[in-house]
Every structure is written in structure tokens, then in C-alpha cells.
Q: 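I have a structure here, written as C-alpha cells, and I will follow up with some questions on it.
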Amino acid sequence: MTARGIHAGEHAPDAEDLDVEEVLALVNEGSTGSGDPAVPPPSTSPAHSPEGQTQGTPRKPDTDQHKATPWPEARAIAGRAARTGSRRAPVSVPLDSALGLVLAAPLVALSDLPSFDTSAMDGWAVAGPGPWAVREDGVLAGHARSEPLSDGEAVRIATGARVPADATGVIRSEHGRTDDKGRLHAVRDVGHGQDIRPRGQECRSGDHLLPGGTLVTPAVLGLAAAAGYDTVTVVPRPRVEVLILGDELLTEGLPRDGLIRDALGPMLPSWLRALGAEVIAVRRLRDDAKALHKAISGSSADLIVTTGGTASGPVDHVHPTLRGMGAELLVDGVKVRPGHPMLLARIKDDQHLVGLPGNPLAAISGLLTLAEPLLRTLSAHPAPEPYALPLQDAVHGHPYDTRLIPAVLRGDSAVPLHYNGPAMLRGIAAADALAVVPPGGARQGQQAELIDLPWAVAGIGVCFT
């Protein structure tokens, strides 16, 4: 069976992989036999041991498992892979295109901020001791400099307006009153410089506001604009090309005649954009070695992502094609379920390929195992701080491999979800994160590392990783 089928050793989800009724009420609607209550962990339930093994009878790893890379090591290799390539030149982009990118140079103030003495409140600008004679015309934000004030004079002023020269303070609207002769009286003492934002209070021209390597957030965009920037210098988004492989894939309509709908073509570009990539092309190829070779050798992307064809079946052309091109295979199989036949190769010093399995959830596993760390390095994003939560229920594990299980976060715990087989998307569609289950499984209450899904922390369409 090819990589687009269920690979040897990958098994359908067991009833012990638990659900959350309130989250999956619609997801599970109409299902039968998949809402079972928790069952004991593997140590007390031999019949449910992964791969159908009897508890206490370890299976000898096959050749593919033996050469596969442990999951934590595979992620580390992927994170280091791009560092050996040539440096990617910084680019200058408009502010409205910079969200989620990383500053490639310090953000230096182009002017004083504020650039003139500014009123911090609506009220009156006054000079000297009161009471004050109030000028007829007021001062509004955005207007040119007004005439200086003389002692005993006041002028109506709006928040953000330029304070007239020689003003000693601003009286807030609620702290002043006028008498029947139109003179202004303060109901509180007026301190020198009160409610005036002096020129350069936040920064002076040439001050370093933020260092290079800072993630561009909405607040950074606001600061850059306030400091006079129209564009910022950033590390460019990694350019990714996606190659969807397979003769059996339909792009529309219902499955028929042995053909299935392609779930990866619509899904992967959005995942990759959420991980900070610029998807420059999504191409569909039949199971043809020459076509695959031509597509890979002709790509200008920083990262090529292929789907399917990573196992050793008769139409699995990824390995032979990479060998024929002289590519360096950095990771060839990962000890993780689902998704173990994933791979990472270096095509050129500045170009890599991630081969994903063809099953949808297995492909997501490969994406977050190999593509995410590599894209993070290319984007100059820092690695997220690892965190763990206790599992609300026990999760059966694979004897030798890590398992990645869709989960929802509920307070201080993570709840594993149903529908976590390699070909299933029903669980991940309702998930907040993937729970990392070590070989052998995890008991109820055991701490499990969690990998947040991009939209769970940043929202759909926002490229924070």
C-alpha cells in the first residue's frame, strides 16, 4: 500500500481515545460506538494494545522503525536544517504587509515622539496664575501653531492639539469653571506642565525603539507608524510550493469509482500561511516520476512540500526522485503516529523538501514535525516556550513511537479527542492542540506536552508562530 493508504503499523482509532461531548456534539452526531466512556490504560487492557498485540509481548521493530528518527530529534534536525543555507536578504515592506514578520533591523525613531508639546486632555491651556481671560478662538488637533499665551491668558484646547508657546499647564474641562465675566477659574491647583505631553517624552529622534528580531505585532505596527515609518525592514516570508501527488484524487464532487476527494490541496496552503509561509504555488501531479522530478528541479521555492509517495509502493516516487537528484536526506521516517513515513531533504543549500504522508492527519503530523520548525528558522521566529497540561483521560500509546493526538484545552487539563486515525480530520477540526503522547501511552492526569494549533493562539489568517 502506498503512502496515501494506511501504512503498515498505523491503526484505526480505538474507543479509548476520548471525546468532549460539548465540543463535538455536532462532530459526533450520528456516530455509533465512538462515544464510549474511558477505558483503562494499556497496562490493564491487553485487548486494546496498539497493533493488536498482547500486553507484555513486545514486538521486534521492523527495519523502517529501526532507521526512523525519534520525534524530538526529527524536530530539532528540521529546526537546524535551514541554518546551513545562505542568508536570506531582508526586504522592505509596507506596514500593512508586515504583520507576523520579524524585524531584520532595529526600529530607530525617525523623529521625536511626540514631535511637539501636546495637550493630554480636553480643557484649557493657561499661562501664569489665574483667573485667566479666555481667548475667543480655540486650538484643535491638527491645526498649525497658535499664538503664544501671555500670563493671565487661557485658550480652549483639544486632546492632541499643539500647546501654545509659554503655556504653563492644561486645566481639564472638569477642573475649570468660568464666571459671569467669562474668566476661567481652576477648581484645583495647576502644576507646571500639568497634562502636557512634552516633545520627545516617549523618544528622541535616533533612539532605538525595538531591536532586530522583534516579532511585528499590531502594537509594533502602531509604534512604527507613530515614529514616522511607512515601511519596515523584515525577514521575508519563506516561499513554499505545494505538490499534491496522486492519481486517485478528485478536486470536486463526491468520492466515486475508487477515487477520493483531495483534502490536502484545500487544507495545506492555509496551514502553511498560518505558519508564516508565502505559498507561491499549489500544483497537482499524477503518479509520474518524470513529472515529479521536473516539478522539484524547476521550483524556486525555499521549501517544497509534497503529499503522498513517501513510502515504498510501486508509485511512491519521492525517494527515488530525491536520490536521482543527489539530494541529502536529513530525516527518513520519524517514530511518530500518525505520519511516520515523512521525510526531510536538502535539495540545495538554500532549498529543502518536506515529504508528507498522503493521509490527512498524518500529513498534519508531518507538517508540524518537520515543516513548522524549518519555516520558523527561515522566518527568524523564536521557538515557542514548551508547555504541558495533565491529560483528563488515559491515552493508549504505540510501543515504540510517539503519538500526536488532537485535544481540546479545558481549564488546566487537555482532553484527548476521538477520530484521530491517520486518514481522519474530524478530531483535529475540533481541536485546540496536539497532545504529545510518549511511547507506551499516558495515564490519566499525566502531564503531556502540547503543540498549539496556529489559529488557537493567533486567529485565522494571522501568521504568528
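Just so it is clear, the values below take in all heavy atoms, side chains as well, and ignore hydrogens, waters and symmetry mates. Worth saying up front: this structure is predicted, and the values here are computed from it rather than measured.
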Q: Taking side chain to side chain contact (heavy atoms under 4.5 Å, CB included) as the criterion, tell me which of L343, D332, D316 meets it with T310.
A: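 It is L343, the one option of L343, D332, D316 that forms the side chain to side chain contact (heavy atoms under 4.5 Å, CB included) with T310.
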
Q: If we ignore hydrogens and angles and just use 3.5 Å, is the side chain of D112 paired with the main-chain N or O of S205 as donor and acceptor?
A: yes

Q: For the side chain to side chain contact (heavy atoms under 4.5 Å, CB included) test, which of I451, L275, T377 pairs with E372?
A: L275

Q: Side-chain contact, heavy-atom cut-off 4.5 Å: N420 with L404?
A: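 No. Closest side-chain heavy atoms not under 4.5 Å.
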
Q: Answer yes or no: is there a side-chain heavy-atom contact under 4.5 Å between V415 and D393?
A: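 Yes - at least one pair of side-chain heavy atoms lies under 4.5 Å apart.
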
Q: So D412 and P390, do their side chains get closer than 4.5 Å, heavy atoms only?
A: no

Q: Using the test side-chain hydrogen bond (donor to acceptor under 3.5 Å, both in side chains), find all partners of S299 that sit at least two apart in sequence or belong to another chain.
A: E241

Q: Closer than 4.0 angstrom, basic N to acidic O: yes or no for E278 and R237?
A: no

Q: Do V93 and T231 have side chains that get closer than 4.5 Å, going by heavy atoms?
A: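 The answer is no, as the side chains (C-beta and beyond) never meet within the 4.5 Å cut-off.
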
Q: Can you find a pair of side-chain heavy atoms, one from L245 and one from H317, that are under 4.5 Å apart?
A: no

Q: So, S365 side chain and P338 main chain: donor-acceptor pair closer than 3.5 Å or not?
A: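 Here the side-chain-to-backbone pair exists.
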
Q: Using modelled atom types and a 3.5 Å cut-off, is there a donor and acceptor pairing between side-chain atoms of H398 and backbone atoms of G440?
A: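 Checking the backbone N and O of G440 against the side chain of H398, no donor-acceptor pair under 3.5 Å is found.
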
